[in-house]
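Following: one structure in structure tokens, then a few remarks.
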There are 2 protein chains.
Amino acid sequence: MTTNQNDTEEKIKEAAQRIFLEKGYEGTTIRDIAEAAQINTALTNYYFRSKEKLFWLVYESLLKEAIQSVQAILDKPIPMEEKLMGLIDHMFETQAANPNLSMFLMNECRRDPKSFAEKTGVGCHLLEGGFIQQFQEEVEKGTVTNVSAEHMLPLIFGLIQQIFVGRELHMHLFQVDESEFLTFAREQKRIIKDMLCTYLFKK
Amino acid sequence: MTTNQNDTEEKIKEAAQRIFLEKGYEGTTIRDIAEAAQINTALTNYYFRSKEKLFWLVYESLLKEAIQSVQAILDKPIPMEEKLMGLIDHMFETQAANPNLSMFLMNECRRDPKSFAEKTGVGCHLLEGGFIQQFQEEVEKGTVTNVSAEHMLPLIFGLIQQIFVGRELHMHLFQVDESEFLTFAREQKRIIKDMLCTYLFKK
DNA sequence: GTTTATTTTAAACGATTGTTTAAATTTTAT
DNA sequence: ATAAAATTTAAACAATCGTTTAAAATAAAC
């Protein structure tokens, strides 16, 4: 009748992810997580041994998911323009659904770069796929403006991220609520797509 | 011979700014600041009453300086293209000199939005100057592409910020040091300027 | 030079942090 | 139904947090 093992473990993991995303590692206490998961404080240590182990479980999961979903798009066998627009749409929706994700990943990377490099070990697999090659091919074909993919890809990531990274700042500076911000964000996305296409895919 | 009043007070303020920028409010301890300033822990409270008061002193100072320097550029009586390029150069140099500033301001705004709105009280004075009017005039003249200044200005801020916001992530993902990153960043700035001009100032 | 005021220090304060312990409870196995 | 194992709980642990205190050291005033 009551909760079984997996139930409690999952409840803690979900609550931990929510609170860590909102407040970061240092801003989050075990008691915050326990309260959010409606369980006893000691249970987090019973199931995950330590706050740090629980954190890295959440962190790696989020990072891996983010990277894999982007990788899947970058490796699609479709034209560059369609691919980049798809990438922008995907990142936009991802971050609209979870506005804290970008800031969280970048903050925690900055807080403990060493552990980040060690534990993720992701390297730059993102660029090891066929994306760079495809980009350069289309540059040589003349269908894409002559810039390096290594500079363009982070720029595109940043273009979408910046919308949501400045979310709270924007909402409070301009006194708008979440739905108004989302309208603003979608118009920004449209402009970004427009600008990027104008620059990269001159016709 | 030894330090006088202002010396110690200034030493603490400088150390506090440095540590707060690096670790944020929650990640910084009074003892961190004391060690960095090479003074006794109790002196921070002697001069600034509390950690929070010291923090807001630093925070408001940084925020005010950032806003005023941008405001000065936006209000210059020069053509839009020159103005925006100047803005990009200024923000780039500011953030290159202090890569932590953007993340710091946005994190702390997100951590305590209420206090942010109350204590800064800056409102959206940035847009109350003549910038928007000038932008719309140049749109009507046909020298600028028809987009709203309210969407374009945050986009430009974000374009530059994103370079440095992702700094640590980039450095560790691609295994480059600070000077290599700066080279990368300058090339990104060039592309951004190029892209922005292509989009806004079609000739 | 003595007294007063200011600055600095070491030590401790209560509160909160992550974690552990040992007992209580529930579930599972026989 | 009983014993064993797994789960949950309340309570406490040492460590660290921001802050205070009261005495020591220095500077200023007379």
Side-chain angles (χ1 to χ4, degrees), chain A residues 1-61 104 107-108 111-112 114-116 119, chain B residues 1-61 104 107-108 111-112 114-116 119:
Chain A
M1 179 191 170
T2 57
T3 60
N4 67 13
Q5 180 182 344
N6 289 343
D7 263 16
T8 314
E9 195 171 332
E10 206 57 36
K11 259 202 321 189
I12 297 175
K13 218 188 288 184
E14 281 170 15
Q17 175 163 317
R18 185 153 36 91
I19 309 291
F20 277 139
L21 274 166
E22 188 185 330
K23 302 185 176 184
Y25 180 80
E26 317 226 47
T28 299
T29 70
I30 284 294
R31 287 167 179 83
D32 286 339
I33 297 173
E35 190 186 8
Q38 290 181 307
I39 47 97
N40 186 281
T41 333
L43 279 183
T44 62
N45 282 55
Y46 176 75
Y47 280 105
F48 300 99
R49 302 194 51 90
S50 76
K51 177 191 178 186
E52 209 182 341
K53 283 195 170 62
L54 174 56
F55 172 79
W56 280 106
L57 208 72
V58 169
Y59 189 68
E60 284 194 76
S61 156
F104 171 77
N107 274 324
E108 299 309 325
R111 185 180 61 84
D112 188 354
K114 210 167 189 173
S115 299
F116 172 82
K119 305 227 177 183
Chain B
M1 178 192 169
T2 57
T3 60
N4 66 14
Q5 180 182 345
N6 290 342
D7 263 15
T8 313
E9 196 172 331
E10 206 57 37
K11 256 201 325 188
I12 297 174
K13 218 188 289 184
E14 281 171 14
Q17 174 162 317
R18 186 154 34 90
I19 309 291
F20 277 139
L21 273 166
E22 189 185 330
K23 303 185 175 184
Y25 179 80
E26 316 225 51
T28 299
T29 70
I30 283 293
R31 287 168 178 85
D32 286 338
I33 297 173
E35 191 187 6
Q38 290 179 307
I39 48 97
N40 187 283
T41 332
L43 278 184
T44 61
N45 283 56
Y46 176 76
Y47 281 106
F48 300 98
R49 302 191 52 87
S50 75
K51 178 190 176 185
E52 209 182 341
K53 283 196 170 59
L54 174 55
F55 172 78
W56 280 106
L57 209 72
V58 168
Y59 189 66
E60 285 193 77
S61 155
F104 171 77
N107 274 325
E108 299 309 325
R111 186 180 60 85
D112 189 354
K114 210 166 189 173
S115 299
F116 172 82
K119 305 228 176 181

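If you're wondering where the values come from, they're calculated on a predicted model, not measured in any experiment. A note on names: the letters A, B, ... follow the listed sequences, proteins ahead of strands, and every chain is numbered from 1.
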Rounded to the nearest Å, what distance is computed from the [atom1] atom of residue [X] to the [atom2] atom of nucleotide [N]?
X       : N      : atom1 : atom2 : result
A/Leu43 : C/dT20 : CG    : P     : 14 Å
A/Gln38 : D/dT8  : CD    : P     : 14 Å
B/Glu9  : C/dT6  : CD    : C1'   : 13 Å
A/Glu35 : D/dA10 : CD    : P     : 14 Å
A/Ile19 : C/dG18 : CD1   : P     : 12 Å
A/Ile39 : C/dT26 : CD1   : C1'   : 17 Å

Produce the list of close N/O pairs, under 3.5 Å, pairing protein atoms with atoms of nucleotides 17-21 of chain D; give distances to one decimal.
from   : atom 1 : to      : atom 2 : distance (Å)
D/dG18 : OP1    : B/Thr28 : O      : 3.3
D/dG18 : OP1    : B/Ile30 : N      : 3.3
D/dG18 : OP1    : B/Lys51 : NZ     : 3.0
D/dG18 : OP2    : B/Ile30 : N      : 2.9
D/dG18 : N7     : B/Arg31 : NH1    : 2.9
D/dG18 : O6     : B/Arg31 : NH2    : 3.1
D/dT19 : OP2    : B/Lys51 : N      : 2.6
D/dT19 : O5'    : B/Asn45 : ND2    : 3.4

Which heavy atom in [X] sits nearest to a heavy atom in [Y], and how many Å separate them?
X       : Y       : result
B/Ser50 : B/Asn45 : CA-ND2, 4.3 Å
B/Thr28 : B/Lys23 : OG1-CB, 3.5 Å
A/Lys11 : A/Gln38 : NZ-O, 4.2 Å
A/Lys53 : A/Phe48 : CB-O, 3.4 Å
B/Ile19 : B/Ala36 : CD1-CB, 3.9 Å

Mind telling me whether B/Tyr25 and B/Phe20 have parallel, tilted or perpendicular rings, with 30° and 60° as the class edges?
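Geometry flag for B/Tyr25 against B/Phe20: parallel rings.
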
